[in-house]
Colleague: 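I have a structure I would like to understand better, so I am pasting it below and will then ask my questions one at a time.
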Amino acid sequence: MTQLLKNHKWAIIFALIAVIITAFPQVYFRYDHQDIYQGIESLGATEKMPRIREVMDGHPTLSSPYLKEGKDGPYLNNLLGSNIIGYLGKIFSLDFNNTILLSRLIFPVFAFIIIYGFVLLLSKNKLAALTSSI
């Protein structure tokens, strides 16, 4: 395991840099504005956030997050990403904002390592794998 980490240390370093770039604004906002922070963040708000909230509320087969009726209807589109993030928050018993922060800490590392590993598997060139994943 240590040999694997030594062989791919630059990939790990760049993956951690990606996490810092992705999650630092949200962490900094919470720290710097802790006197006015009230638990509502609009940093990087996406269209998936209402769907993640509904998954955390117990409606994973969500057809529309905005309507009161039909919460348990069939999928209208693919919600795998929203379900994964929502269940991640339920597993760790986090509130909504901390769930979003956790996903911003975990998923860039996974994406970076998956792209790095895939390109390294195809090309057998570490520099090409690092360049493509960056």
Colleague: Which value, rounded to the nearest 0.5 Å, describes the distance between Ile13 atom CD1 and Lys9 atom NZ?
Modeller: 7.0 Å

Colleague: Would you compute the distance between atom CG of Leu102 and atom CD1 of Ile106 and round it to the nearest 0.5 angstrom?
Modeller: 3.5 Å

Colleague: Taking Ile21 as the starting point, is it possible to reach Ile134 by hopping between hydrophobic residues whose side chains are less than 4.5 Å apart?
Modeller: yes

Colleague: Got a second to check how far Leu105's CG is from Ile100's CD1, nearest 0.5 Å?
Modeller: 11.5 Å

Colleague: Working to the nearest 0.5 Å, report the span between NZ of Lys90 and CG of Asn83.
Modeller: 10.0 Å

Colleague: With clusters built from Ile, Leu, Val, Met, Phe, Trp and Tyr whose side-chain heavy atoms come within less than 4.5 Å, directly or transitively, what are the remaining members of the cluster of Leu127, listed by chain and number?
Modeller: none

Colleague: Please enumerate all residues that pass ring-ring contact (aromatic ring centres under 6.0 Å, His included) together with Tyr28, with sequence neighbours excluded.
Modeller: Phe24

Colleague: For Leu16, give me all partners under side-chain contact (heavy atoms from CB on, under 4.5 Å), at least two apart in sequence or on another chain.
Modeller: Ile12

Colleague: Can you give me the closest heavy-atom contact between Pro25 and Ile20, atom names plus distance?
Modeller: CD-O, 4.4 Å

Colleague: Which heavy atom in Asn98 sits nearest to a heavy atom in Leu94, and how many Å separate them?
Modeller: O-CD1, 3.9 Å

Colleague: Sequence neighbours left out, what pairs pass ring-ring contact (aromatic ring centres under 6.0 Å, His included) with at least one residue falling in residues 78-100?
Modeller: none

Colleague: Within a strict 4.5 Å, meaning less than it, do heavy atoms of the Val55 and Arg51 side chains meet?
Modeller: no

Colleague: Between Thr99 and Ile85, what is the shortest heavy-atom contact and its length?
Modeller: CG2-O, 3.3 Å

Colleague: Quick one: pull up CD1 in Ile84 and OG in Ser103 and give me the separation to the nearest 0.5 Å.
Modeller: 11.0 Å

Colleague: For a quick test of your reading: what N or O donor-acceptor pairs under 3.5 Å do the side chains of residues 107-123 make, sequence neighbours left out?
Modeller:
residue, atom, partner, partner atom, Å
Tyr116, OH, His8, ND1, 2.8
Ser123, OG, Val119, O, 2.8
Ser123, OG, Asn125, N, 3.3

Colleague: Would you say that Asn7 contacts Lys126 through its side chain, given a criterion of any heavy-atom pair below 4.5 Å between the two side chains?
Modeller: yes

Colleague: Looking at CE of Met56 and OG of Ser82, how far apart are the two atoms once the value is rounded to the nearest 0.5 Å?
Modeller: 12.0 Å

